[in-house]
Asks: 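Let me give you the structure first, and then I'll get to my questions.
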There are 2 protein chains.
Amino acid sequence: MPKEKSEKYSSILQGAGAVFARLGFYKATISQIAQEAGVADGTIYLYFKNKDDILYQYIQFKTTAFFEKMRSAVDVADGAEQKLRNLIRCHLEEFQNDRNMAVIFQSEVRYLRNNALQVKDISKLYLDFLTEIIELGQMEGQLRQDLFIGLVKRFVLGAVEGIIATWVAAERKYDLVAMADPLVDLYLGGIQKR
Amino acid sequence: MPKEKSEKYSSILQGAGAVFARLGFYKATISQIAQEAGVADGTIYLYFKNKDDILYQYIQFKTTAFFEKMRSAVDVADGAEQKLRNLIRCHLEEFQNDRNMAVIFQSEVRYLRNNALQVKDISKLYLDFLTEIIELGQMEGQLRQDLFIGLVKRFVLGAVEGIIATWVAAERKYDLVAMADPLVDLYLGGIQKR
DNA sequence: CAACAAAATGAATATATATTCATAACTTCT
DNA sequence: AGAAGTTATGAATATATATTCATTTTGTTG
């Protein structure tokens with residue numbers, strides 16, 4: 001293996017991102033990834049154990065960066081409501097800025113079922129942000145006390161993911177980030193008339 | 001092709017459902033499906049054009065039945081709120097009763113991307129139920145007038161799917177249907193204190 | 001600039017499995 | 001019962017592509 005995560009390592013990851021997003025993990029071939037990355041087929045095996053490993057590392061890499069951004073988006077805000085708004089906006093922003101990642105997270109992540117704790121960890125980390133925020137909101141008196149937190153978390157995450165799925169399917173014809181505040185308004189106030 | 005959708009046709013679909021759910025479409029092999037269905041490999045090709053076609057027909061079949069149930073769940077109820085509750089309960093019930101279907105819909109459906117309008121149609125049909133219900137609720141004065149319906153629909157569907165995804169991942173250790181009413185309460189009233 | 005090492009190449013290999021098809025086992029009808 | 005038609009079988013085939021590795025190219029050091 002060539003020394004360290006070089007420039008070629010990055011090209012391959014990025015190429016893989018493009019091809020996986022376009023064709024899905026299984027239909028993507030090593031040759032296509034190599035071509036997209038501008039390297040020879042064999043070169044890929046200098047940097048990655050095998051095809052699975054490419055996906056694994058891609059997700060690893062993206063996830064790490066994603067959660068760092070999330071963390072500071074949450075930390076930077078005051079109060080539960082603002083923290084929630086920032087979390088959701090950050091989430092939508094990151095996916096809007098990297099559609100390949102959006103597609104791959106939606107369709108391919110669950111392929112790693114066995115391979116790694118990864119997938120569960122991704123959700124877990126996200127859900128932990130939400131727990132944190134919801135409990136804060138309850139302490140502040142801003143949120144209802146009788147919430148079934150396990151359900152609320154899924155409710156929130158599920159809805160964001162649904163919004164993203166639609167955006168992906170629509171081929172980015174509208175501004176995803178603009179959905180953030182209206183969505184949070186729905187979380188907070190519901191659809192019922194007061 | 002043997003005459004009509006015989007008994008063997010059903011065994012194969014069911015076997016495929018089990019294997020696809022367990023291993024995913026790509027890792028599933030024809031031999032495994034044949035074994036699960038209790039037929040020879042070659043027999044499968046008397047009933048299905050190819051492997052893709054098995055998945056296609058599986059989804060076709062399940063979707064049709066699913067939407068018939070949905071339709072009557074909605075029709076049987078009075079008023080927007082009850083219709084919504086029935087819709088969500090029915091959705092959760094059907095998936096709880098057929099976990100293979102739940103898994104396959106979650107992970108494999110989007111594989112058919114090119115193959116068919118199918119996928120879009122599935123969502124489309126569901127979203128039409130929701131439009132219908134929301135507009136009714138607004139007429140009744142039960143729901144807010146200022147809703148961005150496109151967003152609300154995705155919000156509702158996304159959240160249900162998220163709940164189901166969690167349940168699937170948890171290996172059915174709790175009652176999914178019990179989530180229906182608390183979830184609808186969240187849709188209606190939100191998480192904010194009044 | 002040799003001589004060596006590190007990195008890259010892409011044609012050859014190995015493998016897995018979807019699909020076919022010659023053959024066999026049942027059904028049906030006279 | 002046996003001919004004709006229908007359905008089922010599973011071993012053989014064909015193909016696709018992930019992975020390897022002998023060779024070439026590029027980089028480094030004395």
Side-chain angles (χ1 to χ4, degrees), chain A residues 1-60 104 107-109 111-116, chain B residues 1-60 104 107-109 111-116:
Chain A
M1 172 123 46
K3 57 180 70 139
E4 294 316 294
K5 315 276 159 129
S6 74
E7 187 197 349
K8 231 141 227 187
Y9 175 84
S10 310
S11 324
I12 294 169
L13 268 197
Q14 177 168 334
V19 180
F20 288 160
R22 189 164 63 250
L23 302 175
F25 179 78
Y26 284 98
K27 284 202 187 149
T29 72
I30 294 292
S31 296
Q32 286 169 311
I33 293 171
Q35 175 161 38
E36 186 89 26
V39 302
D41 293 17
T43 305
I44 288 180
Y45 291 87
L46 300 175
Y47 294 89
F48 299 89
K49 220 157 70 22
N50 52 39
K51 193 181 169 189
D52 283 24
D53 189 42
I54 304 174
L55 179 59
Y56 179 87
Q57 299 225 31
Y58 178 88
I59 289 172
Q60 191 78 16
I104 291 171
S107 20
E108 312 298 347
V109 158
Y111 159 66
L112 295 171
R113 270 189 272 211
N114 326 310
N115 275 26
Chain B
M1 171 121 50
K3 60 178 70 138
E4 293 314 294
K5 313 276 157 128
S6 73
E7 188 195 350
K8 232 141 226 184
Y9 174 85
S10 310
S11 324
I12 295 169
L13 269 196
Q14 177 167 334
V19 180
F20 287 159
R22 189 162 67 247
L23 302 175
F25 179 77
Y26 285 97
K27 285 201 185 150
T29 70
I30 293 292
S31 295
Q32 287 168 311
I33 293 171
Q35 174 159 40
E36 186 89 25
V39 303
D41 292 18
T43 305
I44 289 181
Y45 291 86
L46 300 176
Y47 295 90
F48 298 88
K49 218 157 73 14
N50 51 38
K51 194 181 170 190
D52 283 23
D53 189 43
I54 304 174
L55 178 58
Y56 179 87
Q57 299 227 29
Y58 179 88
I59 289 173
Q60 190 77 18
I104 292 171
S107 18
E108 313 297 348
V109 158
Y111 159 66
L112 296 171
R113 270 189 272 209
N114 326 312
N115 274 26

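Proteins come first, then strands; the chains are lettered A, B, ... in the order of their sequence lines, and each starts at number 1.
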Asks: Can you name the side-chain contact (heavy atoms from CB on, under 4.5 Å) partners of Tyr45(B), sequence neighbours left out?
Replies: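 Tyr45(B) satisfies side-chain contact (heavy atoms from CB on, under 4.5 Å) with Ile30(B) once adjacent residues are dropped.
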Asks: Decide side chain to side chain contact (heavy atoms under 4.5 Å, CB included) for Phe25(B) and Ile104(B); before the verdict, give the C-alpha distance in whole Å, the side-chain angles of both, and the deciding distance to 0.1 Å.
Replies: CA-CA 9 Å; Phe25(B) 179 77; Ile104(B) 292 171; over 6 Å; no
Asks: Taking only N/O atoms, report every protein-nucleotides 9-11 of chain C pair under 3.5 Å with atom names and distance.
Replies:
{"residue": "dT9(C)", "atom": "OP2", "partner": "Ala40(A)", "partner atom": "N", "Å": "2.9"}
{"residue": "dT9(C)", "atom": "OP2", "partner": "Thr43(A)", "partner atom": "OG1", "Å": "2.4"}
{"residue": "dG10(C)", "atom": "N7", "partner": "Gly42(A)", "partner atom": "N", "Å": "3.2"}

Asks: Any chance you could measure Leu13(B), atom CG, to Leu55(B), atom CG, to the nearest 0.5 Å?
Replies: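 It comes to 10.0 Å.
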Asks: Please check this pair: side chain of Lys27(B) against backbone of Arg22(B), looking for a donor-acceptor N/O pair closer than 3.5 Å.
Replies: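 No; zero donor-acceptor contacts below 3.5 Å.
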Asks: Could you tell me the separation between the CZ atom of Phe48(B) and the P atom of dT19(C), rounded to a whole number of Å?
Replies: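 Rounded to the whole Å, the gap is 13 Å.
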Asks: List the atom of Ile54(A), the atom of Ala16(A), and the distance in Å for their closest heavy-atom pair.
Replies: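 Ile54(A) and Ala16(A) have their closest heavy atoms at CG2-CB, 3.5 Å.
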Asks: Indicate every side-chain donor-acceptor pair of residues 31-41 of chain A with a distance under 3.5 Å to a residue at least two apart or in another chain.
Replies:
{"residue": "Ser31(A)", "atom": "OG", "partner": "Asp41(A)", "partner atom": "OD2", "Å": "2.7"}
{"residue": "Gln32(A)", "atom": "OE1", "partner": "Thr29(A)", "partner atom": "N", "Å": "2.9"}
{"residue": "Gln32(A)", "atom": "OE1", "partner": "Thr29(A)", "partner atom": "OG1", "Å": "3.2"}

Asks: Taking N or O atoms only and anything under 3.5 Å, show me the protein contacts with nucleotides 16-18 of chain D, one pair per line.
Replies:
{"residue": "dA18(D)", "atom": "OP2", "partner": "Ile30(A)", "partner atom": "N", "Å": "2.5"}

Asks: Could you check how far CD of Glu7(A) sits from C1' of dA7(C), rounded to whole Å?
Replies: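 The distance from CD of Glu7(A) to C1' of dA7(C) comes to 13 Å, rounded to the nearest Å.
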Asks: Can you sort out the partners of Ser10(A) under side-chain contact (heavy atoms from CB on, under 4.5 Å), two or more places apart, ordered by chain and number?
Replies: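 So Ser10(A) forms no side-chain contact (heavy atoms from CB on, under 4.5 Å) with any residue.
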Asks: Once ring-ring contact (aromatic ring centres under 6.0 Å, His included) is applied, do any residues pair with Phe48(B), and if so which ones, sequence neighbours excluded?
Replies: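 Tyr9(B).
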